Amino acid sequence: MSELDQLRQEPEQLKDQIRDARKACADATLSQITNTDPVGRVQTRTRRTLRGHLAKIYAMHWGTDSRLLVSASYTTNKVHAIPLRSSRVMTCAYAPSGNYVACGGLDNICSIYNLKTREGNVLAGHTGYLSCCRFLDDQSDRYRLWRHHLCPVGHRDWPTVSGACDASAKLWDVREGVCRQTFTGHEPDINAICFFPNRDAFGTGSDDATCRLFDLRADQELRTYSHDNIICGITSVSFSKSARLLLAGYNDFNCNVWDALKADGAGVLAGCLGVTDDGMAVATGSWDSFLKIWN
Amino acid sequence: MAQGSGDQKAVGITDPEESSPNMIVYRKIEDIITKMQDDKTGGVPVRTVKSFLSKIPSVVTGTDIVQWLMKNLSIEDPVEAIHLGSLIAAQGYVFPISDHVLTMKDDGTFYRFQAPYFWPSNCWEPENTDYAIYLCKRTMQNKARLELADYEAENLARLQRAFARKWEFIFMQAEAQVKIDRKKDKTERKILDSQERAFWDVHRPVPGCVNTTEMDIRKCRRLKNPQKSVYGVTEESQSQSPVHIPSQPIRKTTKEDVRKQITFLNAQIDRHCLKMSKVAESLIAYTEQYVEYDPLITPAEPSNPWISDDITLWDIEMSKEPSQQRVKRWGFSFDEILKDQVGRDQFLRFLESEFSSENLRFWLAVQDLKKQPLQDVARRVEEIWQEFLAPGAPSAINLDSHSYEITSQNVKDGGRYTFEDAQEHIYKLMKSDSYARFLRSSAYQDLLLAKKKPESEQGRRTSLEKFTRSVCCWRRVRMAAAFHPRGGFLPAVGKVTGGQAPHRPDAVLLTVPAAGPGPEDHAGSRRRSTSADRASLRGDLVTVKEKE
């Protein structure tokens, strides 16, 4: 055997060891331990419908005041209707202070708009398109970009978790720029990812029509949320304020609400998806160019 | 990023088209469709229906389909079955014979199954030339049922303009197809025509309908994107989609890659893995603790602005007065109080009273440093060092010698994360020491029990609102009983008067026994409840003692 082949055996052995270690920790399932009451049917209704986009909505982001949101559509960006140079917008973000909006997409550029002065600033220099951007703090234009990943990103300052296009989710240490943990379980692409509010776990949504809950400390998957009659992939996920509810938007224009602990369907809303910071409402944006606000 | 290469398996599966998101859905639908059409195992009844002078071949009613779905896929709610049926129709596997819009209805509407040749899983992505040939063909056949709909006529006109130079070619193709079609059996032709039409309804949908064959643009890039002609027409110029990039050759793994992988995996093994049961318990505990703060489960007080159109709740959140619920949250974890601006202020004030505020100020300064623009970082690092750590610093923090060493080293480089170690140390210190004491302090306890603070610190109106809200908790306190002999008055139970606050310096407010929240009198000290007070709850007249 060549040296390379011999060397290749070691990672395989290590992976087996890791798998065994994880199995050893899997002493119970989430549903076995949960003995709280079921959360019951969550009745939801549309409270607002926002019209005005001319085409598919690709991304949305709530402001930190939980009242305003910015949305990006495949033709225009509609918040005070900011016209962009490129019509192919894939992501948008609201600055915590509410003064700035950032957006970007296939033009490989992140554009930052000052909502007060209506001026734009452009940050070029990326070699790939922008898939997600978020503000850290707008006083100093600090922001985080993830480019050229076909993947969604979830973060709360640190650490950062991303769903990679090889169907694994990775936890990154942004400071040192390395991957700390890898989580497997999905087979096809992961389309959406969202942190549990206490950052110890995260939920993912994938093309295989399942959502999964992964825990950072147990280093493995805790629960799968799926149903035989749900055949479409998931485009976005979000947790409610207490994380008891996992909201997932599907390709068949439905949003399903899951009881995160018991994994029963809890309701259906009728995209991108986002829960406000204060947890009061959910906004969904869809390819039919409408945004709806529900609770 | 160091671990970019990761596993050396090819991305996804060998055939990227198999794993495309639409393909996964198609396979699932095809499973269902195959079962539905299987006569032997109880498929749907497909029959020929007599209609006026002619027969409609090979149809099934919407109701039959919906019933079959409910029975065979264990669906209880017919709405869900209709939804699933509409999904199957929208993807083009089943279509209504007399409508371009592909939805499922639970009634006698007739549907037909699509021919496998036209299934979307064949990844057609038909070109406009094919579409032009098709529309052209339709106009040639002079049959009422093949008349073009308005949008189709518009499309045809547009295509004629676009393909002006090629139009002869297209026309010839259309003619050839019409000739071949004429030779086919009439019934067979009816079926094929409808299937072809349904195919185009999927790929060139009616305006207003979503094109289900479209994929998320980000995923398109990974596919090889072959453009096949439905009618076998070869195209001289292959148009390149703007998002299509040529596939990258997969790099061969080197020894270096494998070594990196080994290092990464070793680090993984070293990490301590918690038991699932422990982890699950902690997540459950979290959701239970926060369930009352989740407006989607527990209705928000006073009301959810999105429902009631009343923004009182947001006004309250913005004000400097924290609600009891909010104060309670500060006790959940140290992070909670650090996240909340008002909580931080309260904590800072407490620390000032203990002469240890430099710890929190240091922590806040370092948080701020991490967000500074690069050009300011060096300056801020120096400022923080001078203020908190240098010998003789005005706000010296207490660091152990080890952390101090590391930090003074880092300061030489002056980066954003210079004080990371020190910050963590101070964080732990505050958490275990000051935070615990803060929670036990009277300042916090007072807030938690919504005790009124001295007049000078509160606006008159908000203190009145707080009081009247706490009055709502009382049951049946009689107005007469609460009426002060001196002529002052207390606001009505259950109502927020929000008007005049009777805060004349000598007005005295009733103290309620510890069961409910009680107002304080002005000097800030709490009167102990007496039997005289207790009697007031039963509605008897009570004499209220004045504070001298």
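Chain A is the first sequence line, chain B the second, and so forth, proteins listed ahead of strands; every chain is numbered from 1. No hydrogens, no waters, no symmetry mates; every other heavy atom, side chains included, goes into these values. Quantities reported herein were computed from a predicted structural model and do not represent experimental measurements.
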**Student:** Counting heavy-atom pairs under 4.5 Å with chain A, which one of B:Leu73, B:Asp376, B:Leu69 comes out on top?
**Tutor:**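 Most heavy-atom pairs under 4.5 Å with chain A: B:Leu73.
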**Student:** Mind listing the closest non-hydrogen atom pair of B:Val366 and B:Phe419 along with its distance?
**Tutor:**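 What the structure gives for the nearest pair is CG2-CB, 3.8 Å.
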**Student:** Return the set of residues passing salt bridge (Lys or Arg N to Asp or Glu O under 4.0 Å) with B:Asp421 (not counting sequence neighbours), or none when no residue passes.
**Tutor:** none
**Student:** Among all residues two or more places apart in sequence or in another chain, which pass the side-chain hydrogen bond (donor to acceptor under 3.5 Å, both in side chains) test with A:Arg217?
**Tutor:**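 Only A:Asp200, A:Asp215, B:Ser282 meet the side-chain hydrogen bond (donor to acceptor under 3.5 Å, both in side chains) criterion with A:Arg217.
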**Student:** Crowded around B:Glu424 CD? As in, over 12 foreign heavy atoms under 6.0 Å?
**Tutor:**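 Atom CD in B:Glu424 is not packed in, count stays at 12 or less.
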**Student:** At a heavy-atom separation under 4.5 Å, does A:Gln220 approach chain B through its side chain, its backbone, both, or neither?
**Tutor:**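 A:Gln220 touches chain B through side-chain heavy atoms alone.
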**Student:** Which atoms of A:Ala26 are under 4.5 Å from chain B, going by heavy atoms: the side chain, the backbone, both sets, or neither?
**Tutor:**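 For A:Ala26, the contact with chain B is made by backbone and side chain together.
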**Student:** Chain A heavy atoms under 4.5 Å from B:Ile262: which part of the residue, side chain, backbone, both or neither?
**Tutor:** both
**Student:** Chain B heavy atoms under 4.5 Å from A:Glu12: which part of the residue, side chain, backbone, both or neither?
**Tutor:**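 It is neither, since no heavy atom gets under 4.5 Å.
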**Student:** Please confirm whether A:Arg244 makes a cation-pi placement over B:Tyr290, using NZ or CZ under 6.0 Å from the six-membered ring centre and within 45° of the ring normal.
**Tutor:** no
**Student:** Counting heavy-atom pairs under 4.5 Å to chain A, which of B:Glu292, B:His83, B:Glu80, B:Arg259 comes out on top?
**Tutor:** B:His83
